[in-house]
S.K.: 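Would you mind keeping the following structure in view while I ask a few things?
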Amino acid sequence: MKGNFADLINSDKLTLIDFSAEWCGPCKMLAPILKQVKDEMGDSLKIVKIDVDKNQNLANTYQVRGVPTMIFFKNGEQLWRKSGVLQKGEIVQLAKSFL
C-alpha cells in the first residue's frame with residue numbers, strides 16, 4: 001500500500017484521501033456525499049478511501065486520530081485536512097480552490 005499511496009499523493013492531480021472505518025457511522029454518511037462530489041468534479045479530482053483498521057501504519061503516519069478524516073493532496077503536499085462530515089458543497093468549493 002505504501003508505494004501506491006506515495007504515487008497517489010505525489011500526483012499533480014488533486015487527490016482527496018478519506019480515512020475511514022467500517023464501524024464508523026459518520027463515515028457511512030460521508031460515502032454518498034463523496035460520490036456526489038466525484039460525480040460533479042469528474043476527472044479533475046481523485047478520491048481514495050483508506051480503511052484505518054487495515055492501514056494502521058498509514059493512519060499513524062498522518063496522525064489520523066478520528067474518522068472520517070479527509071486530506072487533500074497535490075504534488076505530495078498536504079493542502080488541507082479535516083475530521084468529520086462535510087456537505088457536498090463545502091467539499092466541492094474546497095476542491096475547486098486547489099485546482
Side-chain angles (χ1 to χ4, degrees):
M1 177 61 176
K2 215 161 212 165
N4 288 344
F5 188 79
D7 291 343
L8 283 174
I9 65 170
N10 286 314
S11 167
D12 61 355
K13 183 178 215 169
L14 184 62
T15 304
L16 175 60
I17 305 296
D18 169 26
F19 286 97
S20 64
E22 289 293 321
W23 47 263
C24 165
C27 299
K28 292 176 183 172
M29 290 171 40
L30 184 60
I33 294 170
L34 290 179
K35 183 181 181 331
Q36 293 171 0
V37 169
K38 179 62 178 164
D39 289 346
E40 183 167 326
M41 298 294 297
D43 290 338
S44 63
L45 173 66
K46 180 179 281 204
I47 299 176
V48 180
K49 183 176 180 175
I50 303 284
D51 186 319
V52 295
D53 293 326
K54 295 177 183 168
N55 298 282
Q56 291 179 357
N57 288 342
L58 203 51
N60 287 337
T61 299
Y62 289 94
Q63 299 176 344
V64 175
R65 301 289 177 250
V67 288
T69 294
M70 294 178 284
I71 306 177
F72 274 110
F73 287 95
K74 190 171 186 179
N75 297 320
E77 182 183 350
Q78 180 177 310
L79 304 174
W80 173 91
R81 79 179 277 156
K82 182 156 177 86
S83 296
V85 177
L86 293 179
Q87 294 308 307
K88 174 189 156 214
E90 295 173 278
I91 299 169
V92 168
Q93 186 177 357
L94 278 162
K96 288 181 177 178
S97 75
F98 298 129
L99 291 176

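Just so we're clear, the structure is a prediction, and the values are computed from it rather than from any experiment. Hydrogens, waters and symmetry mates play no part in the numbers below; they use all other heavy atoms, side chains included.
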S.K.: Using the rule that Ile, Leu, Val, Met, Phe, Trp and Tyr join whenever any side-chain heavy atoms are under 4.5 Å apart, tell me whether L86 and I33 fall into a single cluster.
M.R.: yes
S.K.: Same cluster for W80 and I9 if Ile/Leu/Val/Met/Phe/Trp/Tyr side chains link at under 4.5 Å?
M.R.: no
S.K.: Give me each pair satisfying disulfide bond (SG atoms under 2.5 Å apart) with a member in residues 69-99, each pair once, sequence neighbours excluded.
M.R.: none
S.K.: For residues 56-90, pull every pair meeting disulfide bond (SG atoms under 2.5 Å apart), keeping only residues two or more places apart or in separate chains.
M.R.: none
S.K.: Would a 4.5 Å heavy-atom cut-off, applied to side chains only, mark P68 and V85 as touching?
M.R.: yes
S.K.: Taking only residues at least two apart or on different chains, which pairs with a member in residues 33-52 satisfy ring pair (Phe, Tyr, Trp, His ring centres under 6.0 Å)?
M.R.: none
S.K.: Measure the spacing between CD of Q63 and OG1 of T61 and express it to the nearest 0.5 Å.
M.R.: 9.0 Å
S.K.: Can you name the residues that form a side chain to side chain donor-acceptor pair (under 3.5 Å) with T69, not counting sequence neighbours?
M.R.: S83
S.K.: CD/Q78 to CD1/I71 distance, rounded to the nearest 0.5 angstrom?
M.R.: 4.5 Å
S.K.: Enumerate donor-acceptor pairs with a distance under 3.5 Å from any side-chain N or O in residues 88-99 to protein atoms, sequence neighbours excluded.
M.R.:
residue: K88; atom: NZ; partner: E40; partner atom: OE1; Å: 2.9
residue: E90; atom: OE1; partner: Q87; partner atom: N; Å: 3.0
residue: S97; atom: OG; partner: L94; partner atom: O; Å: 2.6

S.K.: For residues 13-38, which residue pairs pass the salt bridge (Lys or Arg N to Asp or Glu O under 4.0 Å) check, not counting sequence neighbours?
M.R.: K35-D39
S.K.: Run the salt bridge (Lys or Arg N to Asp or Glu O under 4.0 Å) test against K82 and tell me which residues pass, sequence neighbours left out.
M.R.: none
S.K.: Applying the 4.5 Å side-chain criterion to the ILVMFWY set and letting contacts propagate, would M70 and V48 be lumped into a single cluster?
M.R.: no
S.K.: Going by the disulfide bond (SG atoms under 2.5 Å apart) test, which pairs reach into residues 57-99, not counting sequence neighbours?
M.R.: none
S.K.: Taking only residues at least two apart or on different chains, which pairs with a member in residues 41-99 satisfy disulfide bond (SG atoms under 2.5 Å apart)?
M.R.: none
S.K.: Once ring-ring contact (aromatic ring centres under 6.0 Å, His included) is applied, do any residues pair with F19, and if so which ones, sequence neighbours excluded?
M.R.: none
S.K.: Give every residue pair that meets the ring pair (Phe, Tyr, Trp, His ring centres under 6.0 Å) criterion with at least one member in residues 35-62, sequence neighbours excluded.
M.R.: F5-Y62, Y62-F73
S.K.: In the single-linkage hydrophobic clustering (I, L, V, M, F, W, Y; side-chain heavy atoms under 4.5 Å), do L45 and I50 co-cluster?
M.R.: no
S.K.: Side chain to side chain contact (heavy atoms under 4.5 Å, CB included) with D53: which residues, sequence neighbours excluded?
M.R.: A21, W23, D51
S.K.: Are more than 12 heavy atoms from other residues, nucleotides or ligands located less than 6.0 Å from atom NZ of K74?
M.R.: yes
S.K.: So do L16 and V37 actually touch side chain to side chain, heavy atoms under 4.5 Å?
M.R.: no
S.K.: Using the rule that two of Ile, Leu, Val, Met, Phe, Trp, Tyr join whenever any of their side-chain heavy atoms come within less than 4.5 Å, decide whether L34 and I17 are in one cluster.
M.R.: no
